[in-house]
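See structure below.
Remember, predicted model here, so these are calculated numbers, not experimental data. Throughout, protein chains are lettered first and strands after them, A, B, ... in sequence-line order, and every chain is numbered starting at 1.
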There are 2 protein chains.
Amino acid sequence: MEALPRETIVDVLEDRLRTDILDGLHPAGSYLPPERRLADGYGVTRTTLKHAFGRLAQAGLLETRHGVGTRVRDYARLGGADLLPMLVRHDSGWVREVFEVRRGVGALIAERAAERGTRPQRAELGALLAALPRAEGADAVQLADVEVHRALARATGNRVYVLLTNTLFNAYLPVRSLLQGPFTDPEAAHRRLAPVVEAVTAGDARRAREAADTYLRDTERIMLEGLA
Amino acid sequence: MEALPRETIVDVLEDRLRTDILDGLHPAGSYLPPERRLADGYGVTRTTLKHAFGRLAQAGLLETRHGVGTRVRDYARLGGADLLPMLVRHDSGWVREVFEVRRGVGALIAERAAERGTRPQRAELGALLAALPRAEGADAVQLADVEVHRALARATGNRVYVLLTNTLFNAYLPVRSLLQGPFTDPEAAHRRLAPVVEAVTAGDARRAREAADTYLRDTERIMLEGLA
DNA sequence: GTGGCTGAGTGGATGAGCCACTGAACCAGT
DNA sequence: ACTGGTTCAGTGGCTCATCCACTCAGCCAC
């Protein structure tokens, strides 16, 4: 089982605000109504509204100035990758673009991991890969797959690749139930991924890059078949 | 001039909490003291503390469960790239790793931009590049340089590259005053960057990738000289 | 054992109130 | 006319006191 979190008012409100913004109800650059009025409109306290504002501001969607107001940032132009989860949830058209980037970055990571992975890191990769076909259910297989990629990112020795990998995963893990195609058959998933780990373990950078590219292309194709 | 934002209590508190966490005062996985006690300890209201909590939770540093408590997430393992600005500010050791990734991703972007940039996008690139040597002061030159890179990301036709570029810039723009070495001479900055734009405009993907790699290597080297 | 109850401790949310800031309109002095 | 100061309405920042909702461990009846 898995403990699923309750949905607080702030959560709901944040979602609603985000939707309203991304739908264009409050266009980029425009000011939101004053907090008092907006809180009244949504039937919540100003305090609660401010909590939701705080999150959206942290995410880069809003920008508040004391004495002036709160306005919608031009997120498409200036926003960071941490907006992806909400953008993907709001419009699945982003998924394809996320995957393309994932492919490019994944290839870089495999290359670096092959060049610089330490012995224990390679051993961990092997263990995680071996655990994959033992997972039960497509969801578990997918998560086991994710763990292998996290380990690959760690093996680059560059912590930023780890964070970047997490960001890209965060972007589509919330909608992962729609993308389980590649993971319904644990054996097949294992076969696709194995060459990447093999090349990295062997320390062959060029082959690792190519294997990662192939793996990501295949996985992406199978995932998107499920969407179409 | 530039309007610099005031520092609110929540800002200060957030900074303090972040520092305490990143310094290991509250290790990953551990629970923070209860809100009432912590608020008392910092001399602020629980409401204010919760605002700061909200931001850090959104950033992926904290995780709150109703009725249980707030605990520090294992950000090094599970955090996203949006943590970078705070990590870099806290420990400049991250800068080198950010640059390495920036180099890899920058090369990907240049390659894609060369393949897929539209005519107006190429024109914009040329215009932004031409504006660079006209900027006054290292800071303005650096920001003009950033704008060229944003335009390059847009020219890939993939919005995720734009967000990713912003994320990486956000990581080191807050400390950019320490990294102005490459931008003290506008003419030199222009000369380094020009080959990238030229190759992209010519639609030569391979050359664009190599030019970007060279540019990023050079810029990185000059920047880090200033740090050492 | 098993299942339900209870109470202490925790975060969630409220609403009234006051403070601090911004910007535009106004007004005086030059 | 122009400049500079003052005022004021509107906005967000922050606090406080209070109650609600949830979790967990311990207890107890069955």
Side-chain angles (χ1 to χ4, degrees), chain A residues 1-18 20-21 25-73, chain B residues 1-18 20-21 25-75:
Chain A
M1 292 306 301
E2 127 172 39
L4 53 130
R6 8 178 295 99
E7 185 102 324
T8 74
I9 294 191
V10 178
D11 292 332
V12 177
L13 183 58
E14 179 200 341
D15 220 80
R16 172 67 180 281
L17 280 168
R18 180 176 57 237
D20 284 351
I21 292 169
L25 181 59
H26 307 293
S30 73
Y31 278 91
L32 264 52
E35 296 186 350
R36 290 166 174 83
R37 187 139 55 88
L38 201 56
D40 217 49
Y42 283 123
V44 299
T45 315
R46 208 177 133 215
T47 315
T48 303
L49 182 80
K50 284 173 78 61
H51 275 110
F53 270 21
R55 294 195 198 174
L56 295 173
Q58 175 72 28
L61 217 53
L62 295 180
E63 186 180 24
T64 291
R65 278 171 56 205
H66 190 178
V68 181
T70 299
R71 96 170 130 176
V72 181
R73 287 192 65 206
Chain B
M1 293 305 300
E2 114 176 49
L4 54 131
R6 358 178 324 90
E7 186 102 320
T8 75
I9 294 191
V10 178
D11 291 333
V12 177
L13 183 58
E14 178 201 342
D15 221 80
R16 172 68 180 280
L17 280 168
R18 180 176 59 238
D20 284 351
I21 292 168
L25 181 59
H26 306 293
S30 72
Y31 278 89
L32 263 52
E35 296 186 351
R36 294 171 225 277
R37 187 138 55 87
L38 202 56
D40 216 51
Y42 285 122
V44 299
T45 315
R46 217 182 124 210
T47 314
T48 303
L49 182 80
K50 284 172 77 61
H51 276 110
F53 270 21
R55 296 195 196 173
L56 295 172
Q58 174 73 27
L61 218 53
L62 295 180
E63 184 179 25
T64 291
R65 280 170 55 205
H66 190 177
V68 181
T70 299
R71 93 170 132 176
V72 180
R73 286 192 67 205
D74 187 354
Y75 53 90

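Nearest-nucleotide mapping onto DNA chain C: of A:V44 and B:F53, the residue sitting toward the 5' end is B:F53. Comparing A:P34 and B:H51, the nucleotide of DNA chain D nearest to each residue sits closer to the 5' end for A:P34.
Sparse packing is recorded around CZ of A:R65, with 12 or fewer heavy atoms of other residues, nucleotides or ligands lying under 6.0 Å away.
A:R46 contributes a side-chain N or O that forms a donor-acceptor pair with the base of D:dG13 under 3.5 Å. Donor-acceptor pairing under 3.5 Å, judged by distance alone, is absent between the side chain of A:R36 and the base of D:dG10. Side-chain to base pairing of B:T47 with D:dC16: one donor and one acceptor N or O lie within less than 3.5 Å of each other.
By the stacking rule of 5.5 Å between ring centres and under 30° between planes, A:H66 does not stack on the base of D:dG13.
The distance from atom CD of A:E14 to atom P of C:dG12 is 13 Å, rounded to the nearest whole Å. Residue B:L38 contributes atom CG, which lies 18 Å from atom P of C:dG9 at whole-angstrom precision. Note: CD (A:E35) to P (C:dG15) measures 16 Å, nearest angstrom. Rounded to a whole Å, the CD1 atom of B:I9 is 10 Å from the P atom of D:dC16. In this structure, B:D11 atom CG and C:dC21 atom P are separated by 13 Å, rounded to whole Å. Taking atom OH of A:Y31 as the reference point, atom P of D:dG12 lies 10 Å away to the nearest angstrom. One atom, CG of A:L49, and another, C1' of D:dG12, lie 11 Å apart when rounded to the nearest Å.
Checking the phosphate oxygens (OP1, OP2) of C:dG12, a side-chain nitrogen or oxygen of B:K50 falls inside 4.0 Å. Side-chain nitrogen and oxygen atoms of B:T8 include none within less than 4.0 Å of the OP1 or OP2 phosphate oxygen of D:dG12.
Listed here is the closest heavy atom pair of B:P33 and B:H26: CD-CE1, 4.0 Å. Between B:L49 and B:E35, the closest heavy-atom pair is CD2-O, 3.5 Å. A:A52 and A:L17 make their closest contact through CB-CD1, 4.0 Å (heavy atoms, listed as atom of the first residue, atom of the second, distance).
Here B:T64 lies in heavy-atom contact (under 4.0 Å) with sugar-phosphate atoms only. Across all strands shown, A:R65 has heavy atoms under 4.0 Å from sugar-phosphate atoms exclusively, and none from any base.
When each of B:H51, B:R16, B:R55 is paired with B:D11, the side-chain hydrogen bond (donor to acceptor under 3.5 Å, both in side chains) condition holds for B:R55 and for no other.
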